[in-house]
Amino acid sequence: MIQLVPRLSIPAALALGSAALGAAFAAGLFLGRRFQRRWRLLPPEDHPLWQYLLSRSMREHPVLRSLRLLTLEQPQGESMMTCEQAQLLANLTRLIKAKKVLDLGTFTGYSAVALALALPPAGRVVTCEVDAGPPELGRPLWRQAEVERKIDLRLQPALETLDELLAAGEAGTFDVAVVDADKENCVAYYEKCLQLLRPGGVLAVLRVLWRGEVLQPRRGDVEAECVRNLNERIRRDARVYISLLPLDDGLTLAFKL
């Protein structure tokens, strides 16, 4: 029984990335955790084919697995990045030979550790969190994975960190940005991260389907409206190439031109 698994030039990078993303999109029809909603795009997580695909694709670092299981025990732990999303982003990080990464929404550090493991020894992950508790819970596992020195934790609102980085002249110097923070500011996060990314950089936005509420947001559902507006903005944005993948609650990848 299969165990449940609770600097390239722009044209070259995009050509390689498109092939990888095509495969990821097809796999996304089966992969991902089921949504906590009335309907879902993906099969249940205990479906045999889903488990087969996951077992034949995942290479989760042992420390990452421990950190994932620890995170799932916490309040709101189910909202964390899934292991297949983390692996895809780590592989893209390796593909474009990234050295500097932005991570908005640290929580226990699962995404930060996954990305740090994909970076070279001198790599750096600037990760943003407003609550000091969850990162400290995960920090012993950062050390165990030997990536703590790569992780630059900023305990303040993400917009403040992004503004500080821009003011420090770091625009156009980051290779990857991952946005998994509050949805009310998602458009501002997108715009500022895009400024900080170099041409050919990758911007990933999680939870862009928002439990299906993006189809018809309920009156007064500010978060769903913000996500829907962001999706429309990205769709029309001529500064990026895009793919929206049906992994978990939706994952948008935008490749800066």
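When atom types are taken as modelled, the side chain of T106 and the backbone of C128 share a donor-acceptor pair closer than 3.5 angstrom. When atom types are taken as modelled, the side chain of K100 and the backbone of V125 share no donor-acceptor pair closer than 3.5 angstrom. Put simply, the side chain of K256 never gets that close to the backbone of G200: no donor and acceptor are under 3.5 Å apart. In this structure a side-chain-to-backbone donor-acceptor pair under 3.5 Å is present from Q87 to R59. One N or O on the side chain of N229 and one on the backbone of E225 form a donor-acceptor pair closer than 3.5 Å. Panel note: side chain D249, backbone R211; a donor-acceptor pair is recorded below 3.5 Å.
Between E170 and L196, the shortest heavy-atom contact is O-CD2, 3.6 Å. Nearest heavy atoms, A181 versus Y189: CB-CE1, 3.7 Å. Nearest heavy-atom pair, G105 versus S111, reported as atom, atom and distance to 0.1 Å: O-OG, 4.2 Å. The minimum heavy-atom distance linking A177 with L197 is given by the pair N-CD2, 3.9 Å. Contact detail for C193 and L203: the closest heavy-atom pair is CB-CD1, 3.8 Å. For A114 against A86, the heavy-atom pair with the smallest separation is CB-CB, 4.0 Å.
The distance from the NZ atom of K99 to the NZ atom of K97 is 10.5 Å, given to the nearest 0.5 Å. Going from atom NE2 of H61 over to atom CG of L67 covers 11.5 Å, rounded to the nearest 0.5 Å. Considering CG of L104 and NZ of K192, their distance stands at 11.5 Å, rounded to 0.5 Å. Taken to the nearest 0.5 Å, the CD atom of Q195 stands 9.0 Å off from the CG atom of D163. Here L244 contributes atom CG and T252 contributes atom OG1; the two are 3.5 Å apart, rounded to the nearest 0.5 Å. In this structure, the separation between OG on S79 and CG on L206 is 10.0 Å, given to the nearest 0.5 Å.
Taking 4.5 Å as the limit, some side-chain heavy atom of E164 sits within range of a side-chain heavy atom of R154. In this structure, V126 and T161 have side chains that are in contact, with non-hydrogen atoms separated by less than 4.5 Å. For the pair L251/L88, a side-chain contact is recorded, criterion being any heavy-atom separation below 4.5 Å from C-beta on. Using a 4.5 Å heavy-atom threshold, the side chains of V178 and L115 count as touching. Inter-residue side-chain proximity for V222 and E184 is flagged as met; some heavy-atom pair is nearer than 4.5 Å.
Both L253 and L257 belong to a single network of hydrophobic side chains, linked directly or stepwise wherever heavy atoms of I, L, V, M, F, W or Y lie under 4.5 Å apart. No continuous path of ILVMFWY side-chain contacts below 4.5 Å connects F107 to L102, so the two sit in separate hydrophobic clusters. Cluster membership for I151 and V130, using ILVMFWY side-chain heavy atoms within less than 4.5 angstrom, is not shared.
Here the options are V240, N185, V179, the test is side chain to side chain contact (heavy atoms under 4.5 Å, CB included), and the partner is Y190; only V240 passes. Of the candidates L64, L70, T71, V113, L141 forms a side chain to side chain contact (heavy atoms under 4.5 Å, CB included) with just one, namely L70.
In terms of the salt bridge (charged side-chain N to carboxylate O under 4.0 Å, His left out) criterion, residue partners of E191 (sequence neighbours excluded) are, by chain and number, R233, R239. With sequence neighbours excluded, the residues that form a salt bridge (charged side-chain N to carboxylate O under 4.0 Å, His left out) with R235 are E232. Remark: R207 engages D180 in a salt bridge (charged side-chain N to carboxylate O under 4.0 Å, His left out) (not counting sequence neighbours).
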Exercise for review: Walk me through it: do V101 and R124 pass the test side chain to side chain contact (heavy atoms under 4.5 Å, CB included)?
Suggested key: CA-CA 6 Å; V101 174; R124 172 189 175 206; over 6 Å; no
Review point. Hey, mind stepping through E223 and D182 against side chain to side chain contact (heavy atoms under 4.5 Å, CB included) and telling me if it holds?
Key: CA-CA 8 Å; E223 292 178 317; D182 64 283; 6.0 Å; no
Exercise for review: For side chain to side chain contact (heavy atoms under 4.5 Å, CB included), just list the numbers for C83 and Y110, CA-CA rounded to whole Å, side-chain angles, deciding distance to a tenth of an Å, and then say yes or no.
Suggested key: CA-CA 9 Å; C83 55; Y110 182 80; 3.4 Å; yes
Check your understanding: Do V214 and V208 pass the side chain to side chain contact (heavy atoms under 4.5 Å, CB included) test, and can you show the C-alpha distance, the side-chain angles, and the key distance before you say yes or no?
Key -> CA-CA 8 Å; V214 290; V208 292; over 6 Å; no
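A donor and an acceptor atom, one from each side chain of Q74 and T108, are nowhere located under 3.5 Å apart. No side-chain N or O of N231 forms a donor-acceptor pair with one of R228 less than 3.5 Å apart. The closest side-chain donor-acceptor pair between E45 and Q51, if any, does not fall under 3.5 angstrom.
Q156 CD: more than 12 foreign heavy atoms inside a 6.0 Å radius.
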